[in-house]
Amino acid sequence: MREADRGAAAERTALAWARSALTLATIGALFLRFGAESRLPLLGYPTGVLLLLAGALLWLLGSAGGGTELDALLEGRIAPREWVLGAITAATTVIAAVALAFALLS
Amino acid sequence: MTAGGERRSQTAVGSGGRGGATGAKQDHDLEGRDSELPGEPLERIGQPPDPRFTFANERTFLAWNRTALALIAAGLAASQLLDFEPRWLRLVIGLPLIVLGAVTAVSSYRLWHHNERAMRLGQPLRYSPLSRPLAVAIALVAVAAVALAVIDAAR
């Protein structure tokens, strides 16, 4: 039962990563759409494509976490993913800066 | 809310599959220092908590990060789709949402880092300080949006 708990926790976390990946991809689609309609296609298109790719990458990262080796899970050896979460935070801040520029310039 | 008491019992849970000298050695290998050097990786601090706590903390971070992304998306959409004239009025709605998104993203990472560290050291966990200010800010933006919509319709 305890092992099943841990497996379920890992699965819930992998699903949370998948939701985050979908959110990122949705913002990518928004940038593509607004890039097509605005005077800033050179900002909108690359940002949109990058965010769609980042969404796919995030999904892969999440799947990797969800499939954490069973041995590591059972022994409690789960390393906090400090750099990955830091990179996600930095990327989100950059997305906000690009969105700000897009809103002001378009 | 503390992870301390639970953590000690969960450490025993975490090492449930181990036994004897091998288990003791692995426990020793997993232990880190109780003090933190600047820039030291989290995994070297204290003792690892039960993986369920680590996963729960990660999910909380991801939920806050999705909130940040949703705020940014809403701000971007408001600045592009609203039809207020003059044009800067739509920025009154859009820009605060985007800035809030950035602040939420940074705050969520700091909260995750603090709680991960606290769990490893058996210290009290912390709730996000952003919950109430964020709710107030979103409510203010909503009120501003309604006011602008009414004024725009009355013209």
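As a basis for the values below, the full set of heavy atoms in this structure was taken, side chains included, without hydrogen atoms, waters or symmetry mates. Not measured: the values here are computed from a predicted model. Labels below follow one simple rule: chain letters A, B, ... track the order of the sequence lines, proteins then strands, and each chain is numbered from 1.
- Interatomic distance, NE2 of His113(B) versus CZ of Arg110(B), reported as 10.5 Å (0.5 Å rounding).
- The contact between Leu100(A) and chain B is made by backbone and side chain atoms together, counting heavy-atom distances below 4.5 Å.
- Between the side chains of Thr13(A) and Arg59(B), at least one donor N or O lies within less than 3.5 Å of an accepting N or O.
- Around CZ of Arg39(A), the count of heavy atoms belonging to other residues, nucleotides or ligands within 6.0 Å does not exceed 12.
- A perpendicular orientation is assigned to the rings of Phe102(A) and Phe31(A), their planes being inclined by more than 60° (bins at 30° and 60°).
- The shortest side-chain heavy-atom distance between Arg126(B) and Leu111(B) falls under the 4.5 Å cut-off.
- Annotation: side chain of Glu82(A) is not in contact with side chain of Glu116(B) (no heavy-atom distance under 4.5 Å).
- Within the 4.5 Å cutoff, the side chain of Thr89(A) has no heavy atoms near those of the Trp112(B) side chain.
- In this structure, chain A has heavy atoms under 4.5 Å from both the backbone and the side chain of Tyr109(B).
- Your options are Ala90(A), Pro80(A), Ala16(A), and the one with the most heavy-atom pairs under 4.5 Å with chain B is Pro80(A).
- Summarising the geometry, atom CG belonging to Leu62(B) is positioned 8.5 Å from atom CZ belonging to Arg19(A); distances are rounded to the nearest 0.5 Å.
- Within residues 41-57 of chain A, no residue has any heavy atom under 4.5 Å from a heavy atom of chain B.
- Looking only at heavy-atom pairs under 4.5 Å with chain A, the residue among Leu91(B), Asn57(B), Leu95(B) that has the most is Leu95(B).
- Annotation: maximal heavy-atom pairing with chain A below 4.5 Å, among Val103(B), Thr54(B), Leu81(B), occurs at Leu81(B).
- In this structure, the side chains of Leu24(A) and Ile95(A) come closer than 4.5 Å at one or more pairs of heavy atoms.
- The minimum heavy-atom distance between Thr92(A) and Ala105(B), with the atom names listed, is CG2-CB, 3.6 Å.
- Residues Glu58(B) and Trp17(A) have side chains that bring a donor and an acceptor to within less than 3.5 angstrom of each other.
- Per-residue counts of heavy-atom pairs under 4.5 Å with chain B were compared for Thr26(A), Ile27(A), Leu85(A), Leu15(A); the largest is that of Leu85(A).
- Proximity to chain A is absent for every atom of Arg90(B), based on heavy atoms less than 4.5 angstrom apart.
- Residue Asn115(B) holds its CG atom at 10.5 Å from CD of Gln123(B), rounded to the nearest 0.5 Å.
- In this structure, chain B has no heavy atom under 4.5 Å from any part of Arg33(A).
- Remark: the Ser106(A) side chain and the Gln80(B) side chain contain an N/O donor-acceptor pair separated by less than 3.5 Å.
- Contacts of residues 64-72 of chain B with chain A at a heavy-atom distance below 4.5 Å involve Asn65(B), Arg66(B), Ala68(B), Leu69(B), Ile72(B), listed in sequence order.
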